[in-house]
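Working notes, structure below.
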Amino acid sequence: MFPFSLLQCFLSVSVIMGVCFCFKLVEGGCSRNPVIFNMGDSNSDTGGIYSGLGIVMQPPEGRAFFHTFAGRLCDGRLILDFLCENLSMNYLTPYLESLGPNFTNGANFAISGSKTLPRYEPFSLGVQSRQFFRFQSRCIELTSKGFKGLVGEEDFKNALYMIDIGQNDLVGPFSYLPYPQAIEKIPTFIAEIKFAILSIYQHGGKKFWVHSTGPLGCLPQQVATASKNDSDIDQYGCLQSRNDGAREFNKQLKALCEELRDEIKDVTIVYVDIFSIKYDLIANSTLYGFENPLMACCGYGGPPYNFDPKFQCTAPGSSVCEDGSKYISWDGVHYTEAANAFVASRILSTDYSTPPLKFDFFCNP
């Protein structure tokens, strides 16, 4: 299905002090058809923004793997794509794809720009949940009538429900509110994630995979545009206050997962510490073969961040790096394929998961 084995290296190899660093994805396997339903924002949007809103991005988007725009805000594959490859399953088709969709392995409801709130504003987490409920009811109805290529009733029960959202919720408040007031909004975001998980559970979902948000203060977009002073810059050049906000969000998200495990005994909820994976990548970028960890590969303005909100990636006058595999940030907000591969490899190690279950736990009895 894919051009090379998952046991091969996904990131460029670097030789530092005589040591070869190479990252591999841990191979997974399923004894039954793997079905995944994903909800989130641009970090996991595999084409919803394209299918739903008709937004087409110009080259160099997608250049590293698809060689054309593939609905992803990236030069290639996303973390979700690598996780699907790990199970030798199809990449997730956007729910809104009207022509030639393949839903045999589930569907992707993520849309770029999505947030948890307002609950029923397109395409919030609440809207994505409601879209899933319709998808579920229609699949069950149509499969009972003999339609093929859809998700069956048992598949919904055995499916993995992934949630990767929150970054956009944090960006807004931190752009116009003092730190204490921005932090006060976090419980409302967490409440929406709880509502989504419980709603899916009521519709039969019992296996959840929840990603924390990443180090917001290390995004070139944030460090290039936010008002800052020297006391707010950490040792790696990131905005301490933004990262503290992300940590607080993750603390409450992890507590929610623990709370729901205690309340609902017949569910499995895996919390994945994406923040630690990405922050380690930025802090030790040279060790892992990357350069300029806070500089966008595709953007405007040159060093140190190559980011200007008025001239973003693909805009006239923007520039793009020659080798994206040496960059962590693709466009100032989203990661490069190489960085996504690194993050996926760490996810698959189980070292950042609570409980430390393998990613294929849901498709093996």
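Index from 1, following the sequence.
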Exercise for review: Output yes when a side-chain donor or acceptor of Asn250 lies under 3.5 Å from a complementary backbone atom of Thr213, and no otherwise.
Suggested key: yes

Exercise for review: Report the C-alpha separation of Asn284 and Tyr236 in whole Å, then their side-chain angles, then the decisive distance to 0.1 Å, and conclude whether the side-chain hydrogen bond (donor to acceptor under 3.5 Å, both in side chains) test is met.
Suggested key: CA-CA 9 Å; Asn284 299 291; Tyr236 306 114; 5.9 Å; no

**Study point:** Test item: Phe69 and Glu61 side chains (from C-beta on) under 4.5 Å apart, heavy atoms
**Key:** yes

Practice item. List in chain and number order the residues that pass side-chain contact (heavy atoms from CB on, under 4.5 Å) with Ser319, two or more places apart in sequence or in another chain; answer none if no residue qualifies. Key: Asn306

Exercise for review: Determine, step by step, whether Phe132 and Tyr161 satisfy the ring-ring contact (aromatic ring centres under 6.0 Å, His included) criterion, reporting the C-alpha distance in whole Å, the side-chain angles of both residues, the deciding distance to 0.1 Å, and the verdict.
Suggested key: CA-CA 11 Å; Phe132 164 72; Tyr161 295 87; 5.4 Å; yes

Exercise for review: Please report the C-alpha distance between Cys321 and Cys298 in whole Å, then the side-chain angles of each, then the deciding distance to 0.1 Å, and finally whether the disulfide bond (SG atoms under 2.5 Å apart) criterion is met.
Suggested key: CA-CA 6 Å; Cys321 67; Cys298 184; over 6 Å; no

Check your understanding: Would a 4.5 Å heavy-atom cut-off, applied to side chains only, mark Leu219 and Leu294 as touching?
Key -> no

Exercise for review: With the side chain counted from C-beta on, respond yes when Tyr271 and Pro355 share a heavy-atom pair under 4.5 Å apart, and no when they do not.
Suggested key: no

Point to revise | 4.5 Å side-chain heavy-atom contact, Glu259 and Lys194 | key: yes

Review point. Parallel, tilted or perpendicular for Phe65 and Tyr91, by the 30°/60° rule?
Key: perpendicular

Practice item. Start with the C-alpha distance between Arg261 and Glu258, add both sets of side-chain angles, then the distance that settles salt bridge (charged side-chain N to carboxylate O under 4.0 Å, His left out), and finish with yes or no. Key: CA-CA 5 Å; Arg261 287 190 209 105; Glu258 294 170 352; 5.1 Å; no

Check your understanding: When Phe37 is tested against each of Val151, Ile163, Asn105 for side-chain contact (heavy atoms from CB on, under 4.5 Å), which residue passes?
Key -> Val151

Review point. Are side-chain N/O atoms of Ser44 and Asp164 paired as donor and acceptor at under 3.5 Å?
Key: no

Review point. Between Asp266 and Lys206, is there a side-chain N and carboxylate O pair less than 4.0 Å apart?
Key: yes

**Study point:** Residues Asp360, Lys358: salt bridge by 4.0 Å N-O rule
**Key:** no

**Study point:** Salt-bridge contact Lys115-Glu121 (side-chain N to carboxylate O under 4.0 Å)
**Key:** no

Practice item. Only one of Asp81, Asp45, Asn43 passes side-chain hydrogen bond (donor to acceptor under 3.5 Å, both in side chains) with Arg72; say which it is. Key: Asp81

Practice item. Begin with the C-alpha distance, continue with both residues' side-chain angles, and end with the deciding distance and a verdict on ring-ring contact (aromatic ring centres under 6.0 Å, His included) for Phe359 and Trp209. Key: CA-CA 9 Å; Phe359 184 65; Trp209 190 272; 5.1 Å; yes

Practice item. Check step by step if ring-ring contact (aromatic ring centres under 6.0 Å, His included) holds for Phe342 and Tyr335. Key: CA-CA 10 Å; Phe342 173 90; Tyr335 280 37; 9.7 Å; no

**Study point:** From CA spacing to verdict: side-chain hydrogen bond (donor to acceptor under 3.5 Å, both in side chains), Thr116, Glu192
**Key:** CA-CA 6 Å; Thr116 64; Glu192 289 303 305; over 6 Å; no

Review point. Are any of the side-chain heavy atoms of Ile190 and Phe249 separated by less than 4.5 Å?
Key: yes

Review point. Hey, are Lys157 and Glu154 close enough for a salt bridge, meaning a charged N less than 4.0 Å from a carboxylate O?
Key: yes

Exercise for review: For the residue pair Pro94 and Thr46, establish whether any side-chain heavy-atom pair is separated by less than 4.5 Å.
Suggested key: yes

Check your understanding: Cation-pi between Arg247 and Phe275: NZ/CZ under 6.0 Å from ring centre and within 45° of the ring axis?
Key -> no

Check your understanding: Are Arg346 and Asp280 within salt-bridge range, i.e. N to O under 4.0 Å?
Key -> yes

Practice item. For Thr336 and Ala339, indicate whether the former's side chain and the latter's backbone hold a donor-acceptor pair under 3.5 Å. Key: yes

Point to revise | Sub-4.5 Å side-chain heavy-atom contact between Phe82 and Ile347 | key: no

Check your understanding: Okay, side chain of Asn364, backbone of Ser31: is any donor-acceptor separation there less than 3.5 Å?
Key -> yes

**Study point:** Student check: side-chain heavy atoms of Ile328 and Ser285 closer than 4.5 Å
**Key:** yes

Review point. Quick check: does any side chain N or O of Glu337 sit under 3.5 Å from a backbone N or O of Arg77, one acting as donor and the other as acceptor?
Key: yes

Practice item. Dump the intermediate steps for side-chain hydrogen bond (donor to acceptor under 3.5 Å, both in side chains) on Ser42 and His334, then the final yes or no. Key: CA-CA 8 Å; Ser42 57; His334 309 97; 2.7 Å; yes

